[in-house]
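Worksheet: the structure to be examined is printed underneath.
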Amino acid sequence: MASAGNERFNNEAADWDKNPSVQEGARLAFDALKPTIQSLSEQKQKSTGRGLNVLEVGCGTGLLTLRVAPLVESIVALDPAHGMIDALKAKIKNSGTSDDSGGPREGNVVPICQLLTDPEDSLLPPDNMNDPAGRRRKFDLILSHLVMHHVPDLRPFLETLLGSLTPGGRVFLTDFEDFGPEAIKFHPPTKLAGVERHGIPRSWIEDLLKEVGFQDVKVSVGWTLTKSIAAWEGSQPGDTFGFPFLVCEGMRP
Ligand SMILES: C[S@@+](CC[C@H](N)C(=O)[O-])C[C@H]1O[C@@H](n2cnc3c(N)ncnc32)[C@H](O)[C@@H]1O
């Protein structure tokens, strides 16, 4: 998968987790997401006795994935950059497997290097393990964090997510908001490769989710991430800015 974005993320993967604002962003995303996971899990446990099947697209090194894993039945973690997936695989290997709530269980996290463009992609796990070539797994919940600003065309991206959900399944997609011209400062000028837009315009993504076919669409500011903008011309060392993050939710009818 050769693209400027992939090259950038392959190169950055080894040091990705050393960036404090990346760590803080994943922590804030998990804090915002946790009540949704708890309430969906409770509903599914009551009706089926099973936990949630989750898909994360653009998982990177798994900063969000590995927080979510102990709360769900399984999480398939996709990223098109092999460097990111290799870093996630190494973390899973080093953590071993556990059956308490402290980390991933055997087979609970499924890292896959792939750009998902088809809900029936053969790299996804099968819906029925006894029919390995059959229909692919559909998910109760699909996550992405800090990914949508890298996606060239969000309509097919959202259509693929919609087609990858179970009926009643939900998306929980988080990314920084395009709140105006200063949103460009989210990335330092040296890290603009693969950036397709400087944040997500709130009413635009709300309309797009509805047009694509999601129901119960809700887009709101979930939190603000304060990060350094010192690399921008005119800024001083130590200058920071608060970037609002959107939580974009919707359900497959
Ligand atoms: C800013 S990083 C965020 C990684 C991770 N979610 C985190 O918060 O640490 C964006 C990730 O999205 C992946 N990515 C880029 N374009 C993508 C696309 N079109 N679909 C899915 N993932 C993509 C990149 O490879 C990269 O790992």
Side-chain angles (χ1 to χ4, degrees), residues 1-33 54-69 75-91 109 111-119 121 123-124 139 141-164 171-178 183-188 190-200 205 208 222-223 225 227 243 245-248:
M1 203 75 43
S3 79
N6 275 0
E7 205 178 305
R8 175 191 152 192
F9 288 116
N10 284 330
N11 293 339
E12 287 185 25
D15 288 333
W16 188 254
D17 292 5
K18 293 182 188 156
N19 181 335
S21 78
V22 162
Q23 290 279 359
E24 177 69 351
R27 189 187 67 73
L28 290 164
F30 180 66
D31 287 350
L33 169 65
V54 179
L55 171 69
E56 184 183 358
V57 290
C59 62
T61 62
L63 291 172
L64 184 59
T65 323
L66 295 177
R67 285 177 164 91
V68 170
I75 179 161
V76 174
L78 298 183
D79 200 287
H82 65 79
M84 292 294 201
I85 290 295
D86 289 348
L88 172 55
K89 284 182 177 168
K91 281 192 211 173
V109 181
I112 302 174
C113 183
Q114 179 67 314
L115 179 73
L116 188 68
T117 57
D118 177 2
D121 190 316
L123 288 182
L124 290 172
F139 299 90
L141 178 65
I142 300 182
L143 313 173
S144 82
H145 173 57
L146 277 173
V147 175
M148 290 193 291
H149 69 271
H150 291 293
V151 178
D153 187 352
L154 278 170
R155 184 181 291 269
F157 174 84
L158 294 175
E159 284 168 350
T160 302
L161 300 191
L162 184 70
S164 304
V171 288
F172 191 100
L173 315 172
T174 58
D175 209 338
F176 69 105
E177 182 178 13
D178 176 358
I184 194 174
K185 295 183 179 173
F186 186 83
H187 296 94
T190 51
K191 291 201 177 170
L192 292 175
V195 173
E196 297 288 336
R197 55 187 70 74
H198 301 296
I200 308 298
I205 194 73
L208 190 56
W223 67 90
L225 175 71
K227 72 182 287 218
F243 293 90
F245 268 67
L246 297 180
V247 175
C248 308

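Atoms within each ligand, like the ligands themselves, are counted from 1 in listed order. Along the sequence shown, residues carry numbers from 1.
Relative ring orientation between Phe186 and His149 is described as perpendicular, the plane-to-plane angle rising above 60° on a 0-90° scale split at 30° and 60°. Aromatic ring pairs are classed by plane angle as parallel below 30°, tilted from 30° to 60° and perpendicular above 60°; the pair His145 and Trp223 is tilted.
Ligand 1 lies less than 4.0 angstrom from a heavy atom belonging to Leu146. Ligand 1 lies less than 4.0 angstrom from a heavy atom belonging to Pro80.
Near Val151, meaning under 4.0 Å from any of its heavy atoms, are these atoms of ligand 1: 18 (C), 19 (N). Residue Met84 approaches ligand 1 through these ligand atoms, each under 4.0 Å from one of its heavy atoms: 27 (O). Less than 4.0 angstrom separates some heavy atom of Leu115 from each of these atoms of ligand 1: 18 (C), 19 (N), 20 (N).
Glu177 places no side-chain N or O within 3.5 Å of a backbone atom of Gly199 that could act as its donor or acceptor partner.
Note: Leu55 CG to Ile142 CD1 = 5.0 Å, rounded to the nearest 0.5 Å. Rounded to the nearest 0.5 angstrom, Asp175 CG and Phe243 CZ are separated by 12.0 Å.
Ring pair Phe157/His150: centre-to-centre distance not below 6.0 Å.
For Val22, no nitrogen or oxygen atom sits less than 3.5 Å from a nitrogen or oxygen atom of ligand 1, counting backbone and side chain alike. Note: no N/O pair closer than 3.5 Å links His149 and ligand 1 by distance alone.
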* From CA spacing to verdict: side chain to side chain contact (heavy atoms under 4.5 Å, CB included), Phe172, Val247 -> CA-CA 7 Å; Phe172 191 100; Val247 175; 3.4 Å; yes
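Only the backbone of Cys59 comes within 4.0 Å of ligand 1, counting heavy atoms alone; no side-chain atom from C-beta on gets that close. With a 4.0 Å heavy-atom cut-off, ligand 1 is reached by the side chain of Asp79 but not by its N, CA, C or O. Under 4.0 angstrom from ligand 1, the non-hydrogen atoms of His145 come from both its backbone and its side chain.
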